[in-house]
Q: 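One structure is given below, represented as structure tokens, and several questions about it will come after.
Convention: sequence-line order gives letters A, B, ...; per-chain numbering from 1.
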Amino acid sequence: MKLGIIVGKVWATQKDPQLKGVKLYVLQPVNEKREKMGKPILAADTVGAGQGELVYWVGAREATFAMPGRKIPSDASIVGIVDHTYSENKDILKQRLSDWKNKNTSISRD
Amino acid sequence: MELAVVIGNITSTIYHPAYKSCKLMLVENINPDMEQNGNITVAVDSVDAGIGDVVLVAREGKTAGDVLGQKQVPVRSVIVGVVDHLSVTKSR
């Protein structure tokens with residue numbers, strides 16, 4: 001799954017009948033600092049998210065299972081609303097990773 | 001599976017039923033040289049990984065369903081292992 005921010009809404013009356021009653025939002029994929037990651041996409045909303053909210057969404061085949069009880073023809077579906085994100089400080093993490101590399105990686109040359 | 005490092009976690013109270021009692025972590029892909037590549041994703045943790053751990057992330061719905069014990073779940077990324085040791089063979 002990935003993080004995303006809802007930046008718009010789409011209304012479509014002419015659509016696949018299985019998409020009936022499914023809200024469609026314009027979603028901008030973002031990283032943990034809400035910086036853009038890739039182009040905006042259209043995603044089906046199954047949890048009642050609102051404009052501007054940080055959500056997490058799932059793509060590919062799994063997106064079709066997002067609507068409880070039925071399958072929807074979608075390749076991106078919002079599956080949850082984020083309350084809070086915590087991410088480690090970049091430098092601390094880089095330091096921990098290089099420590100981990102020195103301690104736990106063995107490099108052999110062939 | 002993919003090699004990743006856990007950079008944080010997220011809390012969520014409104015979610016699809018399949019995510020009930022799931023621990024959601026923020027992970028970033030890394031290569032065997034421990035260089036992060038900026039690809040941040042959300043993964044369900046099934047092995048109690050902590051922040052800063054190097055982990056294995058499976059990215060497929062069937063696997064996620066098996067891990068969560070449910071069928072047809074809208075879950076793709078699941079942390080399935082914590083890496084203890086990594087040996088890399090570098091060609092000259």
Q: Mind checking whether A/Val47 and B/Val42 sit in one hydrophobic cluster, side chains of I, L, V, M, F, W, Y counted as touching below 4.5 Å?
A: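 Unlinked, A/Val47 and B/Val42 end up in two clusters.
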Q: Please answer: with hydrophobic residues joined when any side-chain heavy atoms are less than 4.5 Å apart, are A/Leu27 and B/Ile14 in the same cluster?
A: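 Yes.
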Q: Specify which of A/Lys2, A/Lys101, A/Lys103 makes the most heavy-atom pairs with chain B at under 4.5 Å.
A: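 Winner by heavy-atom pair count: A/Lys101.
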Q: Is a salt bridge present between B/Glu60 and B/Arg76, judged by a nitrogen-to-oxygen distance below 4.0 Å?
A: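 Looking at B/Arg76 together with B/Glu60, the answer is no, because their closest N to O distance does not fall below 4.0 Å.
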Q: Indicate the atoms forming the closest heavy-atom contact of A/Val26 with A/Pro40, along with that distance.
A: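 The pair with the smallest heavy-atom distance is CG1-CB, 4.1 Å.
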Q: Which of the residues B/Thr11, B/Ile10, B/Thr13 is involved in the greatest number of heavy-atom pairs with chain A at under 4.5 angstrom?
A: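 Top option by heavy-atom pairs under 4.5 Å: B/Thr11.
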Q: In terms of heavy-atom pairs under 4.5 Å with chain B, which of A/Thr85, A/Ile81, A/Asn89 leads?
A: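 Going by pairs under 4.5 Å, I would pick A/Ile81.
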Q: Does A/Met1 belong to the same Ile/Leu/Val/Met/Phe/Trp/Tyr cluster as A/Ile6, with side-chain heavy atoms less than 4.5 Å apart forming each link?
A: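 No, because A/Met1 and A/Ile6 fall into different hydrophobic clusters, even though each may have its own neighbours under 4.5 Å.
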Q: Please state whether the side chain, the backbone, both or neither of A/Tyr56 comes within less than 4.5 Å of a heavy atom of chain B.
A: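 Only the side chain of A/Tyr56 comes within 4.5 Å of chain B.
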Q: Salt bridge or not between A/Glu88 and A/Lys94? Use side-chain N to carboxylate O under 4.0 Å.
A: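 A salt bridge is absent here (no side-chain N lies under 4.0 Å from a carboxylate O).
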Q: With a strict 4.5 Å heavy-atom criterion, list every residue of residues 77-90 of chain B that contacts chain A, or say none.
A: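 Only B/Ser77, B/Val83, B/Asp84, B/His85, B/Leu86, B/Ser87, B/Val88, B/Thr89, B/Lys90 of residues 77-90 of chain B have a heavy atom under 4.5 Å from chain A.
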Q: Identify whether the distance between the nearest side-chain nitrogen and carboxylate oxygen of A/Arg61 and A/Asp75 falls below 4.0 Å.
A: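 Judged by the 4.0 Å cut-off on N to carboxylate O distance, A/Arg61 and A/Asp75 do not form a salt bridge.
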Q: Less than 4.5 Å apart, side chain to side chain, heavy atoms only: is that true for A/Lys36 and A/Pro29?
A: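 Heavy-atom side-chain distance check fails, nothing below 4.5 Å.
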Q: Say whether A/Asp83 and B/Ser12, considering side chains only, have a donor N or O and an acceptor N or O under 3.5 Å apart.
A: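 No, B/Ser12 and A/Asp83 have no side-chain donor paired with an acceptor closer than 3.5 Å.
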Q: Could you please state which residues from residues 31-41 of chain B sit under 4.5 angstrom from chain A, measuring non-hydrogen atom to non-hydrogen atom, sorted by number, or 'none'?
A: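 Heavy-atom contacts from residues 31-41 of chain B to chain A are B/Asp33, B/Met34, B/Gln36, B/Gly38, B/Asn39, B/Ile40, B/Thr41.
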Q: Quick check on A/Arg109 against chain B: is it the side chain, the backbone, both or neither that has a heavy atom closer than 4.5 Å?
A: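 For A/Arg109, the contact with chain B is made by backbone and side chain together.
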Q: What is the minimum heavy-atom distance between B/Ala18 and B/Leu68, and which atoms define it?
A: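 Looking at all heavy atoms of both residues, the closest pair is O-CD1, 4.1 Å.
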Q: Are A/Leu97 and B/Leu56 connected, step by step, through hydrophobic side chains (Ile, Leu, Val, Met, Phe, Trp, Tyr) whose heavy atoms are closer than 4.5 Å?
A: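 Yes: a chain of side-chain contacts under 4.5 Å links A/Leu97 to B/Leu56.
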Q: Among A/Val79, A/Leu54, A/Val58, which has the most heavy-atom pairs under 4.5 Å with chain B?
A: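 Top count of heavy-atom pairs under 4.5 Å with chain B: A/Val79.
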Q: Does A/Val82 share a hydrophobic cluster with A/Tyr86, counting links as ILVMFWY side-chain heavy atoms below 4.5 Å and allowing steps through other members?
A: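 No, A/Val82 and A/Tyr86 fall in different hydrophobic clusters.
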Q: For B/Lys62, does the NZ atom have more than 12 heavy-atom neighbours from other residues, nucleotides or ligands under 6.0 Å away?
A: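 No.
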Q: With a 4.5 angstrom heavy-atom cut-off, is it the side chain or the backbone of A/Ser77 that approaches chain B, or both, or neither?
A: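 No part of A/Ser77 comes within 4.5 Å of chain B.
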Q: Considering only heavy atoms, which portion of B/Val44 lies under 4.5 Å from any heavy atom of chain A: side chain, backbone, both, or neither?
A: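 Looking at B/Val44, backbone and side chain both touch chain A.
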Q: Heavy-atom distance under 4.5 Å to chain A: side chain of B/Leu26, backbone, both or neither?
A: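 Side chain only.
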Q: Are a donor atom and an acceptor atom from the side chains of A/Gln95 and A/Asp99 found within less than 3.5 Å of each other?
A: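 Yes, a side-chain donor-acceptor pair sits under 3.5 Å.
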